[in-house]
Asks: 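Just dropping this structure here.
This is a predicted model, so every value here is computed, not measured. Start at 1 and go down the list; that is how both ligands and their atoms are numbered.
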Amino acid sequence: MNSFNDNFKQLNSDLGNIIDSFFEKYNLLESPIKIYTHLDADGLSAGAILGKALYREDIPFQITVIKQLERENIENIALETNNADNLIIFSDFGSGQYHELQNKINVPFFILDHHIPQGISSKDQLEKIDEIYMETKEWHINPYFYGFDGSSEISGSGISYLFAKKMNEANIDLSTIALVGANGDIQNQGPNKSFIGLNAKILEDAKQQDLIEIVNDLNFSTLKPVNQALAYSTDIKLPGLSGDENKSLKFLKKLEVEVENSDDTIKTLMDLTQEEKQKITSGLVEYASLKLDIEPYEILEKLIVNRYLLKNEKKDSNLYDIGEFSNLLNACGRMNNASIGIATAMGNRNSIYQKAQKNLKEYRKSLMDAIRWLKEENKIKEKDYIQYYDGEDKISDNIVGTVASILIFDENEILKLNKPLFGYAKRKNEDAFKISARAHKSLVKRGVNLSEAIRKALKVSKLEALGGGHPPAAGTKVPTEKINLFLENINKVIGDQINNS
Ligand code: C5P
Ligand code: C5P
Ligand code: ZN
């Protein structure tokens with residue numbers, strides 16, 4: 001087993017070869033480089049990093065943002081680029097479809113991705129991964145080739161950042177955008193929500209450039225009123241407060257924290273001052289140790305998280321906290337304004353940013369409406385091993401995945417965490433459902449691998465669609481009339497994963 005540093009060296013040396021080959025090919029071209037990237041925060045960050053890096057080299061480029069590299073998208077790209085003198089970079093997708101791309105795309109391309117490669121079911125298939133590495137390393141960079149975990153240690157924007165930095169050391173300032181992307185993919189999974197693996201390495205770059213500051217904060221949802229955030233926290237369970245928003249509100253008021261806004265709504269974590277947060281921290285530690293006999297260090301470990309603040313952004317802006325920054329990018333991507341997100345991530349702070357904020361507001365509202373509807377109408381159904389919901393005409397395919405993530409990670413009072421969640425929504429103008437699957441990390445520990453499960457269930461259901469992702473988060477699409485068949489089959493596959501591990 002090679003060490004972290006050896007693996008990182010190998011990754012960098014392969015990136016060096018890819019960059020040489022990129023320039024060799026670029027020098028023969030007349031047309032701009034085509035970058036295809038994913039529509040979520042990580043994909044937009046990846047696109048912005050690549051765009052900025054090429055801009056700095058004076059290389060013309062064009063960025064296209066798409067929801068997913070499905071078969072039809074690949075065919076369209078093949079049509080658009082066939083016989084033309086094009087050079088393509090795929091970022092934040094491509095590994096899960098590399099075979100398809102190899103077969104269909106007739107112009108040179110590079111893949112900078114972090115998803116489990118096509119044909120691989122788990123990161124433990126070392127031999128098979130090595131085979132793909134040997135076959136594709138001249139044009140394909142993926143963390144699993146080097147023993148790094150693409151679901152928690154580096155994202156698509158992280159891989160794009162390493163490419164950019166290898167191209168030109170001056171791109172080290174883009175490290176912060178790589179972390180925004182990683183945060184968007186919920187990769188801050190280390191102790192106290194820290195970054196681990198290659199993301200931690202990227203964080204060192206950002207720190208070295210004095211671009212980032214890490215502060216302690218309360219581990220509560222930043223979206224919900226604080227009393228609800230306390231009552232429904234996934235990580236902090238305090239008998240007497242958990243599950244009860246009224247008691248939580250009383251508790252906060254007793255601590256003399258001003259929790260109400262002037263219009264009588266309750267503040268969110270983002271509205272509280274550092275001092276008020278400190279009062280809540282001390283109050284909760286006291287409550288836990290006096291009333292529940294929990295050691296202070298035990299509660300503090302769960303209660304305090306790292307927040308990453310960008311020193312060059314204005315303090316009152318949504319771009320100051322990387323978590324908020326990534327929400328804003330997600331909002332732009334999912335409210336059909338991806339280019340505004342990319343411009344913001346590339347550094348534009350003018351009128352475009354105002355538009356981005358408007359997107360964020362609308363996006364938050366549509367997420368909250370979706371979750372309220374699922375709750376109030378009891379829309380989450382169950383089978384033996386899975387939970388699922390149909391977005392009907394209330395949840396669009398653009399946000400069905402984010403809704404599933406929020407349900408699993410933040411709003412899980414209406415869910416069971418011991419069954420993975422499958423959300424689906426009809427694709428506009430297509431007779432198909434987009435499916436988004438999410439599993440809590442405790443389930444992944446018990447052997448659930450959603451990327452593998454989706455690929456297996458597609459196969460058993462004799463469906464042609466591409467699918468996959470990561471063990472805790474994966475997706476695909478299914479013809480509308482096959483949805484029940486697919487759900488039956490995925491229920492069985494998940495059952496096998498749980499029972500056979
Ligand atoms: O395609 P990509 O890798 O960028 O997207 C990952 C998706 O999976 C994001 O929507 C992210 O919120 C979700 N995710 C998750 N839990 C994880 C890792 C990722 O829900 N542990
Ligand atoms: O679309 P959604 O957010 O549900 O996707 C979850 C994860 O699965 C993402 O990382 C996404 O890129 C990946 N995915 C994939 N292939 C698909 C659909 C989703 O790799 N066909
Ligand atoms: Zn990603």
Asks: Taking non-hydrogen atoms only, is K477 closer than 4.0 angstrom to ligand 2 via side chain, backbone, both or neither?
Replies: neither
Asks: Looking at ligand 1, does G184 have a heavy atom less than 4.0 Å from it?
Replies: yes
Asks: Minimum distance, heavy atoms only, to atom 5 (O) of ligand 1: which one of I186, T37, D40 is it?
Replies: D40
Asks: Between ligand 2 and H115, is the shortest N or O to N or O distance under 3.5 Å?
Replies: yes
Asks: Under 3.5 Å between any N/O of R438 and any N/O of ligand 2: does that happen in this structure?
Replies: yes
Asks: Judging by distance only, is a nitrogen or oxygen of S436 under 3.5 angstrom from one on ligand 2?
Replies: yes
Asks: Decide whether the shortest distance between a heavy atom of H114 and an atom of ligand 1 is less than 4.0 Å.
Replies: yes
Asks: Heavy-atom contact check, 4.0 Å cutoff: does G43 meet ligand 1?
Replies: no
Asks: With a cut-off of 2.8 Å, does H114 put an N/O/S atom close enough to the Zn ion (ligand 3)?
Replies: yes
Asks: Indicate yes or no: at least one non-hydrogen side-chain atom of I132 is less than 4.5 angstrom from one of K137.
Replies: no
Asks: K434 to ligand 2: N or O pair under 3.5 Å?
Replies: yes
Asks: For the backbone of G156 and the side chain of D42, can you confirm whether one donor and one acceptor N or O come within less than 3.5 Å of each other?
Replies: yes
Asks: Is the distance from the Zn ion (ligand 3) to the nearest N/O/S atom of D40 under 2.8 Å?
Replies: no
Asks: Under 2.8 Å from the Zn ion (ligand 3), is there an N/O/S atom belonging to D42?
Replies: yes
Asks: Kindly confirm or rule out an N or O of G401 lying under 3.5 angstrom from an N or O of ligand 2.
Replies: no
